[in-house]
Amino acid sequence: METNLTINGTKQRPDLDPRTTLLDALRHHLGLTGSKKGCDHGQCGACTVMVSQKNPVTNEVEHRSVNACLAPLCAMDGAHVLTVEGIVDPETKQPHPVQERIANFHGSQCGVCTPGIVMSMYTLLQNKPAPDLADIEDCFDGNLCRCTGYRPIIDAGKSFAVDKSKCPVPGAD
Ligand code: FES
Ligand code: FES
């Protein structure tokens with residue numbers, strides 16, 4: 001059964017079992033391996049992508065960070081899915097500022113968690129372009145990192161906060 005969705009700006013109609021997870025569709029059928037499979041059970045956040053769908057009540061497009069390993073493909077019908085590959089500038093091929101900050105603050109070591117961390121932060125900025133410190137901490141609720149101790153990830157995130165002066169981050173200015 002085909003599912004109609006858009007992935008990183010390109011319309012796709014993967015002819016897969018609708019129970020296939022979005023993560024398996026991305027990684028094994030569409031060649032998008034940026035989203036990582038850590039636990040495959042919704043516990044680590046390594047597979048986080050941004051899903052944009054129209055709310056049928058308000059008719060507004062809503063952006064959510066979603067664990068792709070838990071999302072059945074059939075639930076993505078009509079959605080726009082953005083993966084970590086899709087936020088690079090299409091013309092310059094430069095990384096998105098979130099990707100740059102994570103790198104500059106040394107927020108990536110083995111890198112397994114990084115695509116999910118980046119997409120959680122990216123989704124927050126889509127929903128709230130001027131986040132505060134609490135928003136930054138909250139947006140990483142579903143993302144585990146076994147390497148960094150979180151400090152450099154949080155510091156990278158806080159460099160976007162409007163109230164970062166309350167909690168100075170070295171190199172954030
Ligand atoms: Fe761990 Fe999806 S792979 S939450
Ligand atoms: Fe290794 Fe986060 S950098 S899990």
Side-chain angles (χ1 to χ4, degrees), residues 3 5-8 12 14 16-53 62-77 79-88 94-127 131 133-161 167 169-172:
T3 303
L5 74 168
T6 303
I7 299 176
N8 298 335
Q12 302 277 359
L16 299 170
D17 184 326
R19 295 168 296 181
T20 306
T21 66
L22 174 59
L23 183 61
D24 281 343
L26 292 171
R27 290 181 57 81
H28 302 312
H29 300 281
L30 297 167
L32 292 168
T33 54
S35 308
K36 300 303 179 216
K37 185 182 277 193
C39 63
D40 208 20
H41 283 86
Q43 294 170 346
C44 72
C47 61
T48 305
V49 298
M50 186 175 87
V51 175
S52 303
Q53 285 171 308
E62 296 178 344
H63 309 293
R64 292 193 192 85
S65 55
V66 166
N67 286 342
C69 72
L70 293 183
L73 197 55
C74 58
M76 296 295 112
D77 203 50
H80 188 178
V81 176
L82 206 56
T83 73
V84 73
E85 293 96 337
I87 64 172
V88 172
Q94 288 299 303
H96 186 272
V98 172
Q99 295 169 308
E100 282 184 342
R101 300 275 176 106
I102 292 287
N104 291 343
F105 280 81
H106 309 289
S108 181
Q109 290 183 19
C110 81
V112 169
C113 72
T114 309
I117 297 272
V118 165
M119 292 314 294
S120 290
M121 184 71 208
Y122 179 89
T123 305
L124 170 65
L125 293 176
Q126 296 308 300
N127 287 321
L133 291 165
D135 295 323
I136 304 288
E137 288 192 4
D138 288 350
C139 89
F140 295 132
D141 273 358
N143 296 93
L144 298 183
C145 176
R146 62 190 173 183
C147 307
T148 64
Y150 296 102
R151 172 52 58 198
I153 294 171
I154 297 290
D155 284 349
K158 285 183 173 176
S159 70
F160 289 95
C167 181
V169 176

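Both ligands and their constituent atoms are indexed starting at 1 by order of listing.
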Quiz item: Quick one: are L144 and C113 in side-chain contact, heavy atoms under 4.5 Å?
Solution: no

Exercise. Write out the residue and atom name of the closest protein heavy atom to atom 4 (S) of ligand 2, then the distance separating them to 0.1 Å.
Key: R146 N, 3.3 Å

Quiz item: Given side chains that start at C-beta, do those of Y122 and L82 come closer than 4.5 Å, heavy atoms only?
Solution: yes

Quiz item: Donor-acceptor pair, N67 side chain versus Q43 backbone, under 3.5 Å?
Solution: no

Quiz item: Is C110 close enough to atom 2 (Fe) of ligand 2 to have an N, O or S atom under 2.8 Å?
Solution: no

Exercise. Identify the protein heavy atom lying closest to atom 3 (S) of ligand 2, giving its residue, its atom name and the separation to 0.1 Å.
Key: Q109 N, 3.2 Å

Practice problem: Quick one: closest heavy-atom pair of K158 and E137, and the distance? | Solution: NZ-OE2, 3.2 Å

Exercise. Can you see which heavy atom on S159 is nearest to which on F105, and at what distance?
Key: CB-CZ, 3.9 Å

Quiz prompt | Min side-chain heavy-atom separation F140-C145 under 4.5 Å | solution = no

Exercise. Confirm or rule out an N/O/S atom of C147, from backbone or side chain, lying less than 2.8 Å from atom 1 (Fe) of ligand 2.
Key: yes

Practice problem: For atom 2 (Fe) of ligand 1, check which protein N, O or S atoms are under 2.8 Å away and list them. | Solution: C47 SG, C69 SG

Quiz item: Of E62, R64, Q126, H63, which is the lone residue that meets side-chain hydrogen bond (donor to acceptor under 3.5 Å, both in side chains) with S52?
Solution: H63

Self-check item: Under 4.0 Å to a heavy atom of G111 - the qualifying atoms of ligand 2, by number
Solution: 1 (Fe), 3 (S)

Practice problem: Consider only side-chain N and O atoms of S108 and T114, and report whether a donor and an acceptor are under 3.5 Å apart. | Solution: yes

Quiz item: Which pair of non-hydrogen atoms, one from R101 and one from A156, has the smallest distance, and what is that distance?
Solution: O-CB, 3.6 Å

Quiz item: Which ligand 2 atoms are under 4.0 Å away from a heavy-atom of C145?
Solution: 2 (Fe), 3 (S), 4 (S)

